[in-house]
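These numbers come from the heavy atoms of this one structure, side chains and all, not from hydrogens, waters or symmetry mates. Protein chains get the first letters and strands the later ones, always in sequence-line order, with residue 1 at the start of each. Everything numeric in this text was worked out from a predicted model, so none of it was measured.
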Amino acid sequence: MPRSFFARSSLDVAPDLLGRDVRAVSEAGVVRARLVEVEAYLGSDDPGSHAFRGQAPRNTVMFGPPGHLYVYFTYGMHWCANVVCGREGVAEAVLLRAAVILDGRDVALSRRPKSTARDLARGPARLAKALDLDGSDNGADIVCGGLQFLAGQPVSAAEIRTGPRVGVAGAGAPTPWRYWVDGVAEVSAYRAAVVRAPRKA
DNA sequence: CCATAGATGCACT
DNA sequence: GTGCATCTATGGC
């Protein structure tokens with residue numbers, strides 16, 4: 001996909017990414033995966049977005065030009081990958097939430113040895129792991145970097161479902177943030193954001 | 001199948 | 001110190 005594909009609002013890019021393929025090339029081999037679930041994040045007016053409180057070291061890539069990866073670390077152990085959307089200076093992105101592995105299943109499985117076929121790339125951190133994406137990929141250009149976006153098989157509007165975001169406080173806002181392909185087993189399970197008990201020292 | 005708790009490190013207040 | 005754009009293991013039905 002050309003960079004211009006991502007130079008739009010993430011709310012337009014997100015549904016358009018469903019059914020398209022990502023190809024991750026590494027020393028271990030090539031993995032191709034078809035996107036079945038994504039989530040849109042805006043800059044301002046989106047309390048759930050990392051960019052909501054303005055630019056900071058972590059989210060700098062979101063404010064840059066479209067078509068670059070924003071990969072962040074969370075929960076002390078997981079990486080999640082986004083593609084930056086919108087014009088430069090407009091901090092929008094689409095989180096890659098789930099995919100079906102089409103090629104390189106053995107390579108992906110070597111990164112997630114205990115995974116079932118259904119769970120191999122079901123969820124943003126699982127998908128990032130299956131594609132071997134981490135902090136070293138933050139800021140990578142999708143036009144010439146290790147993760148490429150291919151045309152795949154675009155999904156018709158009738159097959160697309162929308163709903164609240166997963167694991168984000170305030171996810172019930174009136175905007176259709178999350179998009180997935182209807183009837184696909186690899187779409188991640190919905191979990192409402194939860195407040196956790198304070199830890200002991 | 002479903003629900004819950006713990007892991008674990010960093011960004012930010 | 002608080003809160004994560006999460007996942008896995010475990011225990012109950």
Indicate whether OP1 or OP2 belonging to [N] is found under 4.0 Å from a side-chain N or O atom of [X].
X	N	value
A:Arg126	C:dT8	yes
A:Arg122	C:dC7	no
A:His78	C:dC7	no

Quickly work out the [X] [atom1] to [N] [atom2] distance and round it to whole Å.
X	N	atom1	atom2	result
A:Asn82	C:dT6	CG	P	11 Å
A:Asp119	C:dC7	CG	P	9 Å
A:Leu96	C:dT6	CG	P	13 Å
A:Glu92	C:dA5	CD	C1'	16 Å
A:Lys114	C:dT10	NZ	C1'	13 Å
A:Phe52	B:dC12	CZ	C1'	15 Å
A:Asn59	B:dA11	CG	P	11 Å
A:Tyr72	C:dG3	OH	C1'	13 Å

**Asked** Any cation-pi pair here, A:Arg8 with A:Phe6, using under 6.0 Å and within 45°?
**Response**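 No.
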
**Item:** Watson-Crick or G-U wobble mate for B:dA11, both contacts under 3.5 Å
**Value:**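 Partner of B:dA11: C:dT2.
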
**Asked** Is the aromatic ring centre of A:Tyr75 closer than 5.5 Å to the centre of the six-membered base ring of C:dC7, with the two planes inclined by less than 30°?
**Response** no

**Item:** C:dA5 base stacked by A:Tyr41 (centroids within less than 5.5 Å, tilt under 30°)
**Value:**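 So A:Tyr41 counts as stacking on the base.
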
**Request:** Begin from the C-alpha positions of A:His50 and A:Tyr41 and carry the test ring pair (Phe, Tyr, Trp, His ring centres under 6.0 Å) through to its verdict.
**Result:** CA-CA 8 Å; A:His50 286 172; A:Tyr41 286 87; 7.2 Å; no

**Request:** Name the nucleic acid region contacted by A:Arg112, choosing base, sugar-phosphate or nothing; use a 4.0 angstrom heavy-atom cut-off, strictly under.
**Result:** sugar-phosphate

Would you name the heavy atoms of [X] and [Y] that are closest together and state the gap between them?
X	Y	value
A:Arg105	A:Ala117	NH1-CB, 3.7 Å
A:Ala108	A:Val31	N-CG2, 4.1 Å
A:Tyr75	A:His78	CB-CD2, 4.1 Å

**Message:** Can you tell me which nucleotide in C:dA5, B:dC10, C:dC7 comes closest to the side chain of A:Leu95?
**Reply:**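 Of the options given, the side chain of A:Leu95 lies nearest C:dA5.
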
**Request:** Kindly point out which of C:dA9, C:dA5, B:dT8 is positioned nearest to the side chain of A:Met77?
**Result:** B:dT8

